[in-house]
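What follows is a set of notes on a single structure, which appears directly below.
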There are 2 protein chains.
Amino acid sequence: MQEILETPALLLDEARLQRNVERMRVRMDRLGVAFRPHVKTSKCLEVVRRQMAAGARGITVSTLKEAEEFFRAGIDDILYAVGIVPNKLHHALRLIREGCRLTLLLESVVMAEQVARHGAEHGVCYEVMIEIDTDGHRSGVKPDDPVLLDIAAALQGGARLKGVMTHAGASYDCNTPEALAAMAEQERSRCVAAATLLRNGGHACPVVSVGSTPTALSASHLEGVTEVRAGVYVFFDMVMADVGVCTTDDIAISVLCTVIGHQADQGWVITDGGWMAMSRDLGHDHHGYGMVCDSDGQPVPELGFGKANQEHGVLQWRGDAGVDLTQRFPVGGSLRILPNHACATAAQHGQYHVIPQNGGDWPVWPRFNGW
Amino acid sequence: MQEILETPALLLDEARLQRNVERMRVRMDRLGVAFRPHVKTSKCLEVVRRQMAAGARGITVSTLKEAEEFFRAGIDDILYAVGIVPNKLHHALRLIREGCRLTLLLESVVMAEQVARHGAEHGVCYEVMIEIDTDGHRSGVKPDDPVLLDIAAALQGGARLKGVMTHAGASYDCNTPEALAAMAEQERSRCVAAATLLRNGGHACPVVSVGSTPTALSASHLEGVTEVRAGVYVFFDMVMADVGVCTTDDIAISVLCTVIGHQADQGWVITDGGWMAMSRDLGHDHHGYGMVCDSDGQPVPELGFGKANQEHGVLQWRGDAGVDLTQRFPVGGSLRILPNHACATAAQHGQYHVIPQNGGDWPVWPRFNGW
């Protein structure tokens with residue numbers, strides 16, 4: 001099947017996908033928490049169905065487009081994990097009226113008031129989580145900030161406080177088991193502290209939601225946490241390999257490309273897999289635009305991927321100077337590139353070409369993009 | 001209209017678009033060459049129609065998907081400007097059989113032989129250009145390399161040499177009028193030299209095709225050149241502003257986003273326009289993920305865009321420390337971001353929301369992505 005694929009094409013190794021899904025299921029069962037996968041990585045119903053079959057309770061989304069698509073496919077328990085803004089409330093309202101159990105996120109009194117007012121005006125009660133900042137990397141209220149109580153107080157009438165949520169994105173910069181375990185504990189303890197502050201203030205706060213792939217795979221216990229979220233674990237990528245929570249053998253997606261030509265004097269092999277196929281994500285800047293592999297997916301570390309144009313990859317030979325690149329990597333030959341960041345690379349494509357677990361034809365699984 | 005757009009959304013200023021199209025038309029008329037716009041920037045029929053109306057003769061594409069889409073829309077003179085590989089020949093053949101005047105590109109004897117054989121086997125004669133490397137930045141044969149004659153000799157039977165083509169991508173790293181003019185002259189003279197070598201060897205080489213936006217806008221004359229190609233000029237972007245061939249007032253696309261929240265202690269304004277909306281393209285690394293502007297499109301240089309997550313932009317205030325960011329950039333307020341690289345940013349979106357020249361409702365112009 002691979003021979004007649006037009007390149008570049010996004011490949012998905014189904015056996016690795018299943019192994020990654022199962023690994024997280026086992027881990028969450030041991031930790032005794034519910035799991036709500038973040039579907040922003042795959043944006044693909046076939047992938048998410050496998051996560052649901054492994055016991056996921058609801059999903060996390062990064063856009064209302066994801067909420068819309070997965071709700072239409074029958075998944076109705078959805079956390080929209082980006083701070084809500086006024087221009088999206090009508091879309092949220094429409095989904096809720098159609099039966100979607102959509103939970104919104106916010107981090108300010110002003111949005112809490114607007115959401116509550118919008119709900120009251122339109123006869124719905126929005127379920128709302130407050131975003132907690134447990135690592136200083138992005139959004140959210142500090143866990144000991146008394147404004148939490150003001151936000152909770154504003155959530156009345158057309159809105160109801162469901163819980164607190166955090167994402168320790170700083171875990172992506174860890175790279176030892178000790179640092180990861182410490183970050184997981186920081187994420188847990190600070191999010192639980194925020195819930196405690198709210199409860200002590202008289203607010204019900206049933207849900208405590210934490211997660212990132214590195215912390216989900218590194219936490220030693222999750223006392224006080226009710227659910228974990230993670231996204232990229234489903235495919236893994238070179239950044240996760242750098243962090244140390246997977247190996248290159250776990251990475252389930254790769255970009256198939258074809259050698260167009262060479263610049264022998266520069267040691268270059270030029271392919272039709274450029275930044276449009278890989279994204280511009282350089283990860284931790286250790287692997288250029290991705291890890292070059294042969295057509296079977298075995299890494300070829302002597303071939304760096306330091307340069308890319310829109311539809312051209314420029315691979316740079318760092319191995320034995322005596323190698324004839326035109327023979328070793330002939331025009332028309334295939335290479336596969338492991339992505340730095342699975343979410344970013346997959347988003348450059350409209351479908352996955354699936355290498356099936358049990359052989360046979362390669363199915364095509366569609367994915368969607370946009371908002 | 002802008003108020004009810006869900007964000008992030010890609011805006012296109014029609015007046016600027018028309019001005020950019022007209023500027024190139026005037027320039028090409030003065031230089032006395034045909035113009036073949038590269039449609040990889042917009043991938044949008046409405047945009048390309050305006051380029052054709054301004055006298056473009058055919059188009060340049062970076063994927064066979066672009067060739068397919070624009071051929072279906074009635075444009076049949078198409079140069080596919082990425083080196084052809086065997087897995088794409090059947091797609092090219094199908095387009096040609098349906099009446100598309102598709103020209104292929106290659107740079108090796110081995111592909112010349114394969115293309116000629118494929119054409120002969122299937123009863124077509126492929127029109128082929130040879131890629132010339134005039135600046136050492138990517139693909140192509142050096143203009144004085146005698147292998148050019150071997151490639152031309154291999155193009156017989158099912159293939160015919162149409163000409164030579166080059167793209168001086170190194171022009172993106174120039175930033176003075178003198179350097180740009182010198183690069184344009186280098187691109188021209190070396191591509192003409194390759195054509196001369198071929199003609200002296202007895203091969204007809206009617207087409208000499210050069211171009212990039214910076215060189216197209218900087219060449220003082222184009223003797224020996226028959227056509228110019230350029231893509232990004234249609235929208236322009238911050239990289240082109242850095243190169244010096246446009247100002248921020250010429251940039252026709254921007255990403256509309258909404259303020260989600262703040263981290264006052266860090267001087268951060270957080271928006272719903274992250275790298276998914278902007279792409280990960282950092283351009284020349286001068287403007288973070290793009291130039292922040294107010295809702296009318298006026299730059300706010302005190303607000304840097306140094307950090308982005310998938311659906312979060314983290315804008316960093318560099319101005320007066322006394323400013324209350326929650327008042328100056330309130331939650332729910334709009335900002336617009338000028339892209340570093342128009343091709344990369346536009347590719348993250350499925351449509352353009354067009355700010356019309358003459359007022360009225362904002363039309364939506366679809367674009368496509370993928371291969």
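As a basis for the values below, the full set of heavy atoms in this structure was taken, side chains included, without hydrogen atoms, waters or symmetry mates. Convention: sequence-line order gives letters A, B, ...; per-chain numbering from 1.
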Ranking B:Gly332, B:Ser62, B:Pro8 by heavy-atom pairs under 4.5 Å to chain A gives rank one to B:Pro8
Rounding to 0.5 Å, atoms OG (B:Ser139) and CG (A:Asn309) come to a distance of 8.0 Å
If one checks every heavy atom of B:Lys40 against chain A at 4.5 Å, the contacting part turns out to be both
Value for CD (B:Glu131) from CD1 (A:Ile270), rounded to nearest 0.5 Å, stands at 8.0 Å
Contacts of A:His262 meeting side chain to side chain donor-acceptor pair (under 3.5 Å) (sequence neighbours excluded), chain-then-number -> none
Between the CD atom in B:Gln310 and the OG1 atom in A:Thr41, the distance rounded to the nearest 0.5 Å is 7.0 Å
The interface call for A:Leu106 against chain B, heavy-atom contacts under 4.5 Å, is neither
Heaviest contributor of heavy-atom pairs below 4.5 Å to chain B, chosen from A:Met111, A:His91, A:Gln266, A:Gln351, is A:His91
**Message:** Could you go through B:His137 and A:Val314, starting from their C-alpha distance and side-chain angles, then the distance that decides it, and tell me whether this counts as side-chain contact (heavy atoms from CB on, under 4.5 Å)?
**Reply:** CA-CA 9 Å; B:His137 93 287; A:Val314 180; over 6 Å; no
Minimal heavy-atom distance between A:Trp371 and B:Gln348, with the atoms involved, is CZ3-O, 3.3 Å
Most contact-rich option vs chain B, by heavy-atom pairs under 4.5 angstrom, among A:Pro86, A:Ala344, A:Ser108, is A:Ala344
In this structure, CG of A:Leu64 is separated from CD of B:Glu6 (nearest 0.5 Å) by 6.0 Å
If one checks every heavy atom of A:Glu311 against chain B at 4.5 Å, the contacting part turns out to be both
A:Met276 and B:Cys343 have their tightest heavy-atom pair at CE-O, 4.3 Å
Please test A:Lys142 against B:Asp265 for side-chain contact (heavy atoms from CB on, under 4.5 Å), starting from the C-alpha separation and ending with a verdict. CA-CA 11 Å; A:Lys142 299 286 181 297; B:Asp265 55 335; 4.1 Å; yes
Highest number of heavy-atom pairs under 4.5 Å with chain B among A:Gly274, A:Gly169, A:Gly136, A:Pro330 belongs to A:Gly136
Okay, B:Thr326 and chain A: the region with an atom under 4.5 Å from a heavy atom over there is neither
Turns out that what part of B:Ala9 lies under 4.5 Å from chain A's heavy atoms comes down to neither
Ranked by heavy-atom pairs below 4.5 Å to chain B, first place among A:Ile84, A:Ile260, A:Asp281 goes to A:Asp281
Test log, rule side-chain contact (heavy atoms from CB on, under 4.5 Å), inputs B:Asn369 and A:Asn369
CA-CA 10 Å; B:Asn369 292 302; A:Asn369 292 303; over 6 Å; no
**Item:** B:Lys88 vs A:Thr7, side-chain contact (heavy atoms from CB on, under 4.5 Å): CA-CA, chis, key distance, verdict
**Value:** CA-CA 8 Å; B:Lys88 295 176 183 128; A:Thr7 52; 4.0 Å; yes
The interface call for A:Val259 against chain B, heavy-atom contacts under 4.5 Å, is backbone
Counting heavy-atom pairs under 4.5 Å with chain A, the top scorer among B:His341, B:His312, B:Glu107 is B:His312
